[in-house]
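Just so it is clear, the structure is predicted and the values come from calculations on it, not from any experiment.
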Number of protein chains: 2
Amino acid sequence: MKTKPTLGTVAKEAGVSIPTVSQVMRGTGRISDETRERVMRAAKKLHYVPDSRAASMRSGERREIGFVLNNFANPFNAEVVSGAVDLLENEGYLVSLLDGRDDPERQFRHIEVFIRHGRGGLMWVPAFGTPPETSDLLAAHGIPTVAFLRPASNRFDYVGIRNAEATTEATRHLAELGHTRIAYLGGTDMSFVRERRIEGYRSTMAQLGLGPPLVWPSPDGRREGMEAMQSLCHAHPDVTAVVCNGDMVALGACIALMKAGQTPGRDVSVVGFDDIDDAALAIPPLTTMAVCPKRLGMKLASVLLERIRDPNAPASITEVSATLTVRGTTGAPAR
Amino acid sequence: MKTKPTLGTVAKEAGVSIPTVSQVMRGTGRISDETRERVMRAAKKLHYVPDSRAASMRSGERREIGFVLNNFANPFNAEVVSGAVDLLENEGYLVSLLDGRDDPERQFRHIEVFIRHGRGGLMWVPAFGTPPETSDLLAAHGIPTVAFLRPASNRFDYVGIRNAEATTEATRHLAELGHTRIAYLGGTDMSFVRERRIEGYRSTMAQLGLGPPLVWPSPDGRREGMEAMQSLCHAHPDVTAVVCNGDMVALGACIALMKAGQTPGRDVSVVGFDDIDDAALAIPPLTTMAVCPKRLGMKLASVLLERIRDPNAPASITEVSATLTVRGTTGAPAR
DNA sequence: CATATCCGATATATCGTTATCTCAATTTAG
DNA sequence: CTAAATTGAGATAACGATATATCGGATATG
């Protein structure tokens, strides 16, 4: 048993022609019950599995999807992926993932890899500074593509979050509790997402007549958030509340506070963003702008499916709102 | 620009034959500098990307790998994947993931999907109760396969952890601190991994003359671990230390303790397993049996690469040790 | 000057499928 | 009882690439 079973070997085993086996396997054409039976037996005996690469060459059908994102390890992304994969799997699609690490050149190579390997659709979180080259490549191959979180080009569908609206709500929530020195914590470069979120924060600070905005950068991740919060507290001890760029940074900020003997929600208030699974479980549980990453992933996948179904429809824009979810890390400022 | 560029369209653009373009793209054969130049220009202009499906049909080369695991969301798995993907990416392979959810039937379908889509190698965490059918299928297609964590069949390579050795060390550590009522927390069905870990725990308890072993099941995950720990504490308030089946359960157990006003490492000691990134960051930081998931993933990938290189070598067994990493969640029992 | 060698490119067959067409045998209609 | 329709299957040609063989012409060899 060394050679892989093909239509040919099954046909020989069953004593019929190759097209006949093909038709039996797909349930098309006119086949007598007796022949069908014989072919099925032969296929089972040889463990025949059709080769979808060969099939898709001829038929043009592609049932593999690529997903380029920027940080596997981030739970927000993991949950988005899980939602998207669930939906696509049900429709008979196979999803493969590549980590672009927010590097435009790396992303370009990854997209090329997906095209090379015949993916019939792409989901993609475009890195900051993506060259038009990348979009041209996708367009030249006519690959159904949905940009996620950051719009890449108006040629593609886009699924994202109403960022400014969310940070506006977060900032207002803190102000209503009585906070006046509110900082923005997290993110590094001026990515599309961060820009919008800071915009919401800034404009609300100004509108409410609160002090000058204070933006403190931090890479994504629990440890990084912890370290950034430590340096922020050191540099600006008067800050009593922070709006965070993401839950991981927020959880890190809480760790920093607790290490310094302070209690999140009492001494300093913290608002996260995303509502990853761990947010509700943390001690204290994290107040956050919830977007339900799993649902977002399913939305993303369904937009892609629609695009595949109708490649000529005009590019769509889908934005979902985040909802303020008050838990334990926000409260009135200490006297 | 609607039709996807192929060797044919590039050949026409450059005014040469199809095989010539193919040779230029792959850098084989004898091609004059002038022709090469012309072909390259045409390829760039048309955004040509070779179709690896067509190529692999003819050449037999497969550079796609499948990975069937059982829980995307678990950070341990995420880190293993990240290690494996890093290594395979460098060798020019593309990895796709499917979540088998520990269901043998689902796994069988996933493996079939991977075969159908022409994967040239497979990494696989076999579900408990995998039927011989699954191995037969893989064998019939001659697909290089490495079983991860649980050996599926002696036909395949296996990469795993010395589980019994690790829980022996964990239990001994707790006993040396003075604990006598030590429970085992986590896992549900009697999977290969859990069986071995419990075996190490049981035998050490017996060897040290400690009370009857107490095994308390829990699904994987922070929340589940928390709930299981709560019920364990309720049913057996005399337990002063727990050996956990994984870090997520251990972190959940710590949350349960803190919610009950107790301090992990003072009132009750907790030992995790895996050493995921969050373990060191938790408050208090988690004592755990460290296996470095990223390195493990790379090991897994390298075994697969060797298997692909030499399909006829005898099946190998690779086991790595976990090392006790003492942090903040273990200490002498309270008076 | 005839023959052998090498260079640069093309012709052709093939991988495992599916789409389309053909075709003999059987059934139905008139 | 002949003509038309139906049935069940096979023949053939793609899909986009690669492997192998071929081939004219330039160059080198004896």
>> Measure CE/B/Met25 against P/D/dT18 and give the value in whole Å, please.
In response: 9 Å

> Between C/dG16 atom C1' and B/Arg53 atom CZ, what is the distance in whole Å?
Replying inline: 13 Å

>> Rounded to whole Å, how long is the line connecting atom CD of B/Glu61 with atom P of C/dC15?
In response: 18 Å

>> Can you tell whether the side chains of B/Asp103 and B/Arg101 come within less than 4.0 Å, N to carboxylate O?
In response: no

>> Can you see if the side chain of B/Ser22 gets near the phosphate of D/dT18 - specifically, an N or O under 4.0 Å from OP1 or OP2?
In response: yes

> Would B/Asp86 and B/Lys294 pass as an ion pair if we require N to O under 4.0 Å?
Replying inline: yes

> Can you check the A/Arg26 CZ to C/dG16 C1' distance for me, whole Å?
Replying inline: 12 Å

> To the nearest angstrom, how far is B/Leu7 atom CG from C/dT10 atom P?
Replying inline: 13 Å

> Nearest to the side chain of A/Tyr48, which nucleotide is it out of C/dT17, D/dA17, D/dA19?
Replying inline: C/dT17

> Should we say atom CZ of B/Arg295 is surrounded by more than 12 heavy atoms from elsewhere, each under 6.0 Å from it?
Replying inline: no

> With a 4.5 Å limit on heavy-atom distance, are the side chains of A/Leu88 and A/Leu305 in contact?
Replying inline: yes

> Whole-Å distance between C/dG16 P and B/Arg58 CZ?
Replying inline: 10 Å

> Within this structure, what is the CE-to-P distance between B/Met57 and D/dA19, rounded to whole angstrom?
Replying inline: 13 Å

>> Using a 4.0 Å heavy-atom cut-off to protein, can you give one letter per nucleotide of nucleotides 5-10 of chain D, 5' to 3': B if the base is in contact, S if only the sugar-phosphate is, - if neither?
In response: --BBSB

>> Rounded to whole Å, how long is the line connecting atom CG of B/Asp51 with atom C1' of C/dT17?
In response: 14 Å

>> So does B/Leu69 get a backbone contact from the side chain of B/Asn77, meaning a donor-acceptor N/O pair under 3.5 Å?
In response: no

> Would you call A/Arg119-A/Glu112 a salt bridge at under 4.0 Å N-O?
Replying inline: no

